[in-house]
Trainee: 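Sharing a structure, written as structure tokens. Questions coming.
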Amino acid sequence: MEENENKNNFNVNAEEIKKETSEAVNQVKDAIKSADFKKDSKEAKGFFFSFFKNPLGEIKKATSSADNRFVKIAIIIFVVWLTILLVSNVLSMATTYLFGTFGSFSYFLQNLFHNVFNLVKTLVAPVITILVLSGLVYGFKKVKNRSFLTIVSSILIAKIPVVIANAFNLLVLVSSHFIKITSTFAGFCNVLSVILLFFTIGNLLEEDKNDSYFWKFTLIMGIFYIVKFVFSYLGISL
């Protein structure tokens, strides 16, 4: 009996994944097609104001809603996150290989493939992070009454502190003296993100009042950190 219960803790199959992925792609396409820059910008500003005022309240809304509003906000967060990483890496690359002490155009070309490969690994890391966490939450959810895209959107919203930390890290490009400040702030933001993930995943699993949820969250994050450890050998930092 206990063995069957443990097996059912992670309940997902290939057909469900295929169906949810297809629906998620279609929803994202619909959200992009129906985008109204002026209206969406206004909604996004309102969301971020409310989020910083009451993050747990906004996360509760996001985890229980199938509204495209949160999908669009998640897309904005994701695009901003990737843009910050792209700008940070391109500027760092230029500083080192073009404008550094030994920088030159030929030096830049010699290391072009290496730099582009590192850039791709940097940009793919957030994608893997969100997909792995979302997949684990979806798999551990007993009743599949939330779409995969709702889970992805909610996880992305919980990652807002990490995005802010990445933006703050741009100060290092101005001066290396900022590195102690930015690294400390990044650590603080990572803690905030884990706390937000705790409540986000609890809402998604609908086990926020369940005494066993702490250990389920620990198991989910434990599996994620095992995946993180494996990807570190590929030079991808999740």
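Hydrogens, waters and symmetry mates are skipped; everything else that's a heavy atom, side chains included, is used.
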Trainee: Phe148 and Gly135: which non-hydrogen atoms are nearest, and at how many Å?
Mentor: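 So the two residues come closest at CE1-N, 3.8 Å.
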Trainee: Do you reckon Phe52 sits in the same ILVMFWY cluster as Ile59, going by side-chain contacts under 4.5 Å, direct or chained?
Mentor: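 Linked, Phe52 and Ile59 end up in one cluster.
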Trainee: When you compare the side chain of Ile130 with that of Lys159, does any pair of heavy atoms fall below 4.5 Å?
Mentor: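 Of all side-chain heavy-atom pairs linking Ile130 with Lys159, at least one is under 4.5 Å.
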Trainee: CG/Leu156 to CD1/Ile151 distance, rounded to the nearest 0.5 angstrom?
Mentor: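 Separation between the atoms: 12.5 Å.
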Trainee: For the pair Ser193 (side chain) and Cys189 (backbone), establish whether a donor and an acceptor sit closer than 3.5 Å, ignoring hydrogens and angles.
Mentor: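 Looks like no, no N/O pair under 3.5 Å.
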Trainee: Report yes if the side chains of Asn118 and Asn89 come closer than 4.5 Å at any heavy-atom pair, otherwise no.
Mentor: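 Counting from C-beta outward, Asn118 and Asn89 never come under 4.5 Å.
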Trainee: Distance from Ile155 atom CD1 to Leu197 atom CG, nearest 0.5 Å?
Mentor: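 So the CD1 of Ile155 and the CG of Leu197 are separated by 5.5 Å.
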Trainee: For the CZ atom of Phe47 and the CD1 atom of Ile76, what is their distance to the nearest 0.5 Å?
Mentor: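 Between Phe47 CZ and Ile76 CD1, I get 10.0 Å after rounding to 0.5 Å.
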Trainee: Decide yes or no for Ile220 and Leu205: does some side-chain heavy atom of the first lie under 4.5 Å from some side-chain heavy atom of the second?
Mentor: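 Answer yes - side chains close enough.
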Trainee: Under the ring-ring contact (aromatic ring centres under 6.0 Å, His included) test, which residues partner Phe217, sequence neighbours left out?
Mentor: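 ring-ring contact (aromatic ring centres under 6.0 Å, His included) check on Phe217 returns Phe198.
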Trainee: Could you check whether any side-chain heavy atom of Asn190 comes within less than 4.5 Å of a side-chain heavy atom of Val194, counting everything from C-beta outward?
Mentor: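 Contact flag for Asn190/Val194 side chains = no.
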Trainee: Output the distance between atom CG (Asn203) and atom NZ (Lys60), rounded to the nearest 0.5 Å.
Mentor: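 Rounded to the nearest 0.5 Å, the CG-NZ separation comes out at 4.5 Å.
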Trainee: Consider only side-chain N and O atoms of Ser147 and Thr150, and report whether a donor and an acceptor are under 3.5 Å apart.
Mentor: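 Note: Ser147 and Thr150 side chains meet the donor-acceptor criterion.
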Trainee: Indicate yes or no: at least one non-hydrogen side-chain atom of Leu196 is less than 4.5 angstrom from one of Phe51.
Mentor: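 The answer is yes; the side chains approach within 4.5 Å.
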Trainee: Does the side chain of Val230 reach to within under 4.5 Å of the side chain of Val227, using non-hydrogen atoms?
Mentor: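 Sidechains of Val227 and Val230: no contact.
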Trainee: Side chains of Leu170 and Leu173: does their closest heavy-atom pair fall under 4.5 Å?
Mentor: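 The answer is yes; the side chains approach within 4.5 Å.
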Trainee: Applying a strict under-4.5 Å side-chain criterion to I, L, V, M, F, W and Y, I'd like to know whether Leu131 and Ile201 cluster together.
Mentor: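 Yes; Ile201 is reachable from Leu131 via cluster members.
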Trainee: Taking the hydrophobic residues Ile, Leu, Val, Met, Phe, Trp and Tyr, and joining any pair whose side-chain heavy atoms are under 4.5 Å apart, which ones share a cluster with Phe229?
Mentor: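 Other cluster members: Tyr233.
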Trainee: So which pairs with a foot in residues 47-59 pass side-chain hydrogen bond (donor to acceptor under 3.5 Å, both in side chains), sequence neighbours left out?
Mentor: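 Residue pairs passing side-chain hydrogen bond (donor to acceptor under 3.5 Å, both in side chains), neighbours aside: Glu58-Lys61.
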Trainee: Quick one: list whatever passes ring-ring contact (aromatic ring centres under 6.0 Å, His included) with Phe231, sequence neighbours left out.
Mentor: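 Scan of Phe231 (ring-ring contact (aromatic ring centres under 6.0 Å, His included), adjacent residues dropped) gives none.
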Trainee: Flag the pair Leu219 / Phe140 as yes when at least one side-chain heavy-atom distance between them is below 4.5 Å, and no otherwise.
Mentor: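 SC-SC contact between Leu219 and Phe140 confirmed.
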Trainee: Under the ring-ring contact (aromatic ring centres under 6.0 Å, His included) rule, collect the residues that match up with Phe224, sequence neighbours excluded.
Mentor: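 Applying ring-ring contact (aromatic ring centres under 6.0 Å, His included) to Phe224 gives none.
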Trainee: Can you spot which of Ile73, Val79, Ile77 makes a side-chain contact (heavy atoms from CB on, under 4.5 Å) with Ile75?
Mentor: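 Going through the options one by one, the only one that passes is Val79.
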Trainee: Which pairs, with at least one residue in residues 160-182 and sequence neighbours excluded, count as a ring pair (Phe, Tyr, Trp, His ring centres under 6.0 Å)?
Mentor: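 Non-adjacent pairs meeting ring pair (Phe, Tyr, Trp, His ring centres under 6.0 Å): Phe168-Phe185.
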Trainee: If you draw a 6.0 Å radius around CD1 in Ile179, do more than 12 non-hydrogen atoms from other residues or ligands fall strictly inside?
Mentor: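 Not more than 12 within 6.0 Å, no.
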Trainee: Could you grab the distance from atom NZ of Lys216 to atom NZ of Lys141, nearest 0.5 Å is fine?
Mentor: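 Reported to 0.5 Å precision, the distance equals 10.0 Å.
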